[in-house]
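Both backbone and side-chain heavy atoms feed into the values below; hydrogens, waters and symmetry mates do not.
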Amino acid sequence: MDGFLLDVFFGERKGEKGIFLVVKEKKSKKLRYFFDASFRPYFLLDCNYGNLAKEGRAGIKKSIGKVISAISPSQKFNLTPIKKIIKNVQVTLLKIELQDPSLVPKIARELKKFGKIYEYEIPFVHRYCIDKKIWPSTTLSIERSSSGLIFSSADYPVPSLSLLSFDIETYNKGGVSIPSKDPVIMISYDSGNEQGVFSYGGRSDAVISCNSESDMIGKFCSKIEEIGPDIICGYNSDGFDLPYLLERAKRLGTSLSLGLEGETPKCSSHRMRNSCKIPGRVHFDVFSGVLLMRTVGAIRLPRLSLSNVYAELTDKKKVTIDKPNIYKFWKKGGESLTQLATYCQSDSSSAREIAQIFFPLELELSRITGLTLFDVSRATTGKMVEGLLERKAYEKGQIILPKPSFSTISARAQAPIEGAFVKLPSPGIYENIVVFDFRSLYPSIIISHNIDPSTLDPNAPEKEAYVSPQGHKFYKNKKGLVPEVLSNILKTRFAIKKKMEKLSADSMEYKYLNARQTALKILANSFFGYFGYARSRWYSRECAESITAWGRYYIKSAIDFAEKNGLEVIYGDTDSLFIRYGAGGKEKVLKFQSEFNKHLPESMNLELEAFYTRGIFVSKKNKKEKKGAKKKYALIDEKGKIKIKGFELVRRDWSPIAQETQRKVLEILLREGNIKKAVELVRKTVEDLKKEKMPLEKLIILTQLRKKPAEYEVKSPEVSAFLDAKKHGLSLPEDSMIGYIITSKGKTISEKAKVAELAKDYDADYYINNQVLPAVIKILGALGYNKTEFLNKGSQTSLGKW
DNA sequence: GCGAGCAGCGTACCT
DNA sequence: ACAGGTACGCTGCTCGCG
């Protein structure tokens, strides 16, 4: 049978316990389960197998037997020798096969006394896929034999997968809905071809009327079964919709059969995060896709609410509703119910739209890493790298390194490695700037110097090794695991990019390739972090610090080389350098680039990022020494496009009025170079603030509380605003974004800070002197505009400080 | 008792 | 729960002075 491997999970169904594969059959295009109970979980023991006497073996068997008889007496086990490479040396280990995966870590720990244990904490589903050499989210052929399932590759394209989104509304009279008492009042879905809203109680043409909550849940489940989607998605459905529905169904004594063949979702909670499987389909929580986008820097939003994310990704506004009154809309019925239905439907539809944007990327990440779609969509980049390395290590016959112990993790975390180099800029405004950067600096360093724990050897002869700036040696000949995996990733990505050049950007092929190259890029950029990640299996301090040391070496070499060629390097950070060039200087900088590239290893390259007509660097604030500020600059390119980094206006913890004023000042200076106009603008803003006519929403400062309020040592304005709000009976979730305004009442700034909902006025002096002026003064200062000038022409009071 | 100066906390940014 | 480098506001302390 040919099909697409949608999911692999371990569980129990119809009395059968084991591995289930969920496959979309090629012919029927239908989903079906394949059950395989033949594969045994196992771990490895390094007990000096070659010299293991009979008594030793008997001792091991006895120990295993002891644990088994205490927990699960009917369990069988099996011992066989197996060869693995540990640190470049082939050794024979004892493979201990068991029946129940949950016994693996327990028995492994018991056998520690006989030697070092390995591969006892590999998730069973992943273990199965690795050993069976099957890749989730790919097509394959399956045959059933007496000894379980047999796989071979099937060469046909990935079928299109159907995606249905849903959303629920809950009764919320008491503020936050509590699943033990507040019913689900509405459910909507969108499959692309079909939308619908279920509700009960009131009547409206916009809803399919149900008799009760449980009738509604039943009708929803029937609809899912009828449509039979491959993927079910929602927004934060791991954290809210599915656990809520499950709890309601349980209380109502009804089933929530959203899975294939009536299976019900299974929710589990792991380290604060909840996840819900829907057996036989893939439950894709769009929110986890959003989190991934945030970690790779693709989106940056103060709040990751559905409406914010939707607006950011599609440039469209979503229907909204007065959320605290949702229960009233429902109760009222009629037009109100229609309104609520429209809102609920729009939540489903926008979640689906976002899911469609992310899905191709998630699919490729799954295909590349070998993690299931379910797992990869919930994985951090560290988990993805780990999954891929586990597989590749197995393919090469290498041992999968163990997870570090708690004490190892904390020891690693306490000794951070030295990072990148940042060149100190001189404050000022510059004309004609060119920016060069090393694309994929760290990945290319890893490849060109064969950096890997297995190639690291302090005793390597200098001739046979790459020697890092601190003297770590890496063998040149035998290719390391990470360099090998990484160079395949980069090669593939390069080939894809080349292919894309010939395609039109709106073709299906282009979109698919773009998702694939993005997935490869995300992975490539994660390997360095994984070496230095305290919880990493392949952690290597030497590798991580060699990478950054070589990184510093290369960027400094580029700067030196440029300066030796008479060029002025004004700034550089990690892998980039900013050069000022004079009249006719374009050829000169391009010549520098090509000359410099001749000195680099093959896989490394300094590339031209862009030419800029003007740029501004400022000095640091509140420091006596007039040093330039790093990681803060504004540039305008030859097409008039402005790029701003690090300034207050890109930081959400500054008020919109300060951000807006700073943006306008930078724009005026970059586009027109008109200082007077910029100063005039600032003065006008200050006047407006002083008249106390500034709308309050322009004064809201956003800050995230990253700890529980009680855990703070210092009572900062945002903490103080939170506590004040709580005193006023406002229910704000802990660990959330606080929007506050500095009001006029109070002595310290913290006392004056009130959450936006409670603020009635604002402290003009604070917004002038602590927000707007600090945001612009350094910029104007960089242009030789000094405070006396400001004082003379400026209006009295508030400018006095400057 | 009080303001200046500074260290440390804390957040959000850059690559 | 991928890395380190950096800016900078605010609180709360120390210190010197009266």
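One atom, CZ of A/Phe647, and another, P of B/dC14, lie 11 Å apart when rounded to the nearest Å. Regarding A/Leu702, its CG atom lies at a distance of 16 Å from the C1' atom of C/dG9, rounded to whole Å. The nearest whole Å value for the distance from the NZ atom in A/Lys752 to the P atom in C/dG9 is 17 Å. Separating the CD1 atom of A/Ile701 from the P atom of B/dA12 is a distance of 12 Å, rounded to the nearest angstrom. Between the CD1 atom of A/Ile451 and the P atom of C/dA3 there is a distance of 18 Å, given to the nearest Å. Whole-Å rounding puts the A/Lys778 NZ to C/dG9 C1' distance at 14 Å. Computed from coordinates, the A/Arg652 CZ to C/dG9 P distance equals 18 Å when rounded to whole Å. In this entry the distance linking CD1 of A/Ile409 with C1' of C/dC2 reads 14 Å, nearest Å.
Between the side chains of A/Asp653 and A/Thr703, no donor N or O sits under 3.5 Å from an acceptor N or O.
Every residue two or more places apart in sequence or in another chain that forms a side-chain contact (heavy atoms from CB on, under 4.5 Å) with A/Ala558 is listed here: A/Phe438, A/Leu577, A/Phe596. Legend: residues meeting side-chain contact (heavy atoms from CB on, under 4.5 Å) with A/Leu490, ordered by chain and number and at least two apart, are A/Pro443, A/Ile447, A/Ala524. With sequence neighbours excluded, the residues forming a ring-ring contact (aromatic ring centres under 6.0 Å, His included) with A/Phe240 are A/Tyr244, listed by chain and number. A/Tyr571 is linked by a ring-ring contact (aromatic ring centres under 6.0 Å, His included) to A/Phe578, A/Phe617, A/Tyr633, counting only residues two or more places apart in sequence or in another chain. By the disulfide (SG to SG under 2.5 Å) test, A/Cys543 is found to be paired with no residue, residues two or more places apart in sequence or in another chain being considered.
Applying the 4.0 Å criterion to OP1 and OP2 of C/dA3, one finds that A/Asn525 has every side-chain N and O outside that range. Of the side-chain N and O atoms in A/Tyr633, one or more sit less than 4.0 angstrom from OP1 or OP2 of B/dT15. Within the structure, a side-chain polar atom (N or O) of A/Thr380 is placed less than 4.0 Å from OP1 or OP2 of C/dC2. Put simply, A/Arg706 has a side-chain N or O that comes within less than 4.0 Å of OP1 or OP2 on B/dA12. For C/dC10, neither phosphate oxygen OP1 nor OP2 lies less than 4.0 angstrom from any side-chain nitrogen or oxygen of A/Ser716. A/Tyr712 has a side-chain polar atom (N or O) that falls below the 4.0 Å cut-off from OP1 or OP2 of B/dT11.
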Using residues 716-725 of chain A as the side-chain source, report each donor-acceptor pair under 3.5 Å to any protein atom, sequence neighbours left out, with the distance given to one decimal.
from: A/Ser716; atom 1: OG; to: A/Glu718; atom 2: OE2; distance (Å): 3.3
from: A/Ser720; atom 1: OG; to: A/Ser750; atom 2: O; distance (Å): 2.6

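Each of C/dC10, B/dC9, C/dC2 was ranked by its minimum atom distance to the side chain of A/Glu713; first place goes to B/dC9. Listed nucleotides: C/dT11, C/dA3, C/dG9. Nearest to the side chain of A/Tyr766: C/dG9.
Two residues are said to be in side-chain contact when any heavy atoms from C-beta on lie closer than 4.5 Å; A/Leu304 and A/Leu291 meet this criterion.
At the heavy-atom level, A/Val385 lies nowhere under 4.0 Å from the strands shown. Within the nucleic acid shown, A/Thr703 comes within 4.0 Å of sugar-phosphate atoms alone, with no base atom in reach, counting heavy atoms only. No engagement by A/Trp538 is indicated, since no non-hydrogen atom pair under 4.0 Å with the nucleic acid exists. Within the nucleic acid shown, A/Phe438 has no heavy atom closer than 4.0 Å to any nucleic acid atom.
For the ring-ring contact (aromatic ring centres under 6.0 Å, His included) condition, no pair includes a residue of residues 371-392 of chain A, sequence neighbours left out. For residues 523-548 of chain A, the pairs satisfying salt bridge (Lys or Arg N to Asp or Glu O under 4.0 Å) are A/Glu121-A/Arg537, A/Glu386-A/Arg537, A/Glu390-A/Arg537, A/Arg541-A/Glu545, with sequence neighbours left out. The salt bridge (Lys or Arg N to Asp or Glu O under 4.0 Å) analysis of residues 547-557 of chain A, with sequence neighbours excluded, yields the pairs A/Glu418-A/Arg552.
Within residues 290-304 of chain A, the residues having any heavy atom under 4.0 Å from DNA chain C are, by residue number, A/Thr295. The stretch residues 548-558 of chain A has no heavy atom under 4.0 Å from DNA chain C, so no residue of it qualifies as close.
Annotation for A/Lys423: atom NZ counts as buried by contact number, over 12 foreign heavy atoms lying within 6.0 Å.
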Under 3.5 Å, which protein N or O atoms sit close to an N or O of nucleotides 5-7 of chain C? Give each pair with its distance.
from: C/dG5; atom 1: OP1; to: A/Gly419; atom 2: N; distance (Å): 2.9
from: C/dT6; atom 1: OP1; to: A/Lys630; atom 2: NZ; distance (Å): 2.7
from: C/dA7; atom 1: OP2; to: A/Lys620; atom 2: NZ; distance (Å): 3.3

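Atom CD1 of residue A/Ile701 and atom CD1 of residue A/Ile657 lie 12.0 Å apart, to the nearest 0.5 angstrom.
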